[in-house]
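For the numbers below, each heavy atom of this structure counts, side chains included, while hydrogens, waters and symmetry mates do not. For this chain, numbers begin at 1 and follow the sequence in order. Atoms within each ligand, like the ligands themselves, are counted from 1 in listed order.
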Amino acid sequence: MSDSPRLPIAIVAAMHEELAALLAQMPDEQRIHVAGRDYWVGHLQGQLVVAVLSRIGKVAAATTATVLMERFGVRAIVFTGVAGGLAPGVDVGDVVVATRLLQHDLDASPIFPKYEVPLTGHARFAADTAISDALAVVAADLLSDPVTLLGEKVVEDFKLTAPKVHRGLLVSGDRFVSTSAESEALRLALPDALAVEMEGAAVAQVCHDYGVPFAAVRTISDRADDAAHGDFTRFVSAVASRYSLAVIDAWLATLPTDAPATI
Ligand code: SAH
């Protein structure tokens, strides 16, 4: 990440429920409307940030990332929100911090190897190590006390007694994975995939093109199986936004601040 605190850090989520609490914490925010989305520029923990809802899916996420580069000159993008757990033990309420990201629905074989983004030579795009390490540390700290983070009722309702942080491969595609057959197929094809969502790998690709650091931190809202839809809806409204705010806030607090930046 560039050392200039005067360039904003982008915080992106796909849906309003995932970012609502964080947006409420930005008192000096200024709204800039570009290509159908509102970019909220302001300060959090003394850091200049741009917060935006990308909307759901890879193209929506890539468009948003491109605007963040071209219009706001961001120095890093952190994607937050929810994902479906794939690997055994990646349970509802856990957090996944991506080390690498792959588009599970991209296949230009036999011209290019399956999953490879044509003409880049990459299938798995690396997340920024320093940001990801720091996110994993703050997430582990927050999850060590879920009652303080979420309150007793939510912890009981979702049985979040011992939530864990996982690090590894996050896969993205333009599909809400909500059948056990589909998640089993993904597990077979990509045995090291921890979780599935619909935006991260697209943003990772854009960040790779621009040479801007990227990280993704996702809370597991469902197991991408036949029960996914019910779990997802309840979890997102009760938990997702609080998790996102807590992790992003704690991470931003670890960064050095400079003289107040001007927008
Ligand atoms: N049925 C939901 C669909 C939302 S799409 C609704 O009606 O609102 C799911 C969003 O959460 C995407 O932004 C994606 O990144 C993430 N996500 C969570 N669980 C997922 C899963 N099982 N498969 C794919 N994306 C998932």
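Classification of Asp157 and Arg234 as a salt-bridged pair fails, no side-chain N sitting under 4.0 Å from a carboxylate O. Using a 4.0 Å cut-off between charged side-chain N and carboxylate O, Lys153 and Glu156 make no salt bridge.
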What do the steps show when you test Ser172 against Glu197 for side chain to side chain donor-acceptor pair (under 3.5 Å), and what is the final call?
CA-CA 5 Å; Ser172 312; Glu197 37 84 308; 2.6 Å; yes
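Scored by the side-chain hydrogen bond (donor to acceptor under 3.5 Å, both in side chains) test, Thr64 finds Arg37 as partners (sequence neighbours excluded). For Lys159, the salt bridge (Lys or Arg N to Asp or Glu O under 4.0 Å) test picks out no residue, with sequence neighbours left out.
Counting Ile, Leu, Val, Met, Phe, Trp and Tyr side chains that sit under 4.5 Å apart, directly or through other members, Val196 shares a hydrophobic cluster with Leu86, Leu102, Tyr115, Leu169, Val171, Val177, Leu186, Leu190.
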When you pair each N or O of ligand 1 with protein N or O atoms, which pairs come out under 3.5 Å?
| unit_1 | atom_1 | unit_2 | atom_2 | d |
| --- | --- | --- | --- | --- |
| ligand 1 | 1 (N) | His229 | ND1 | 3.3 |
| ligand 1 | 13 (O) | Glu199 | OE1 | 3.4 |
| ligand 1 | 13 (O) | Glu199 | OE2 | 2.7 |
| ligand 1 | 15 (O) | Met198 | N | 2.9 |
| ligand 1 | 15 (O) | Glu199 | OE1 | 2.6 |
| ligand 1 | 15 (O) | Glu199 | OE2 | 3.4 |
| ligand 1 | 15 (O) | Arg218 | NH1 | 3.4 |
| ligand 1 | 19 (N) | Gly84 | N | 3.3 |
| ligand 1 | 19 (N) | Asp222 | OD2 | 2.8 |
| ligand 1 | 22 (N) | Val177 | O | 2.9 |
| ligand 1 | 22 (N) | Asp222 | OD1 | 2.9 |
| ligand 1 | 23 (N) | Val177 | N | 2.9 |

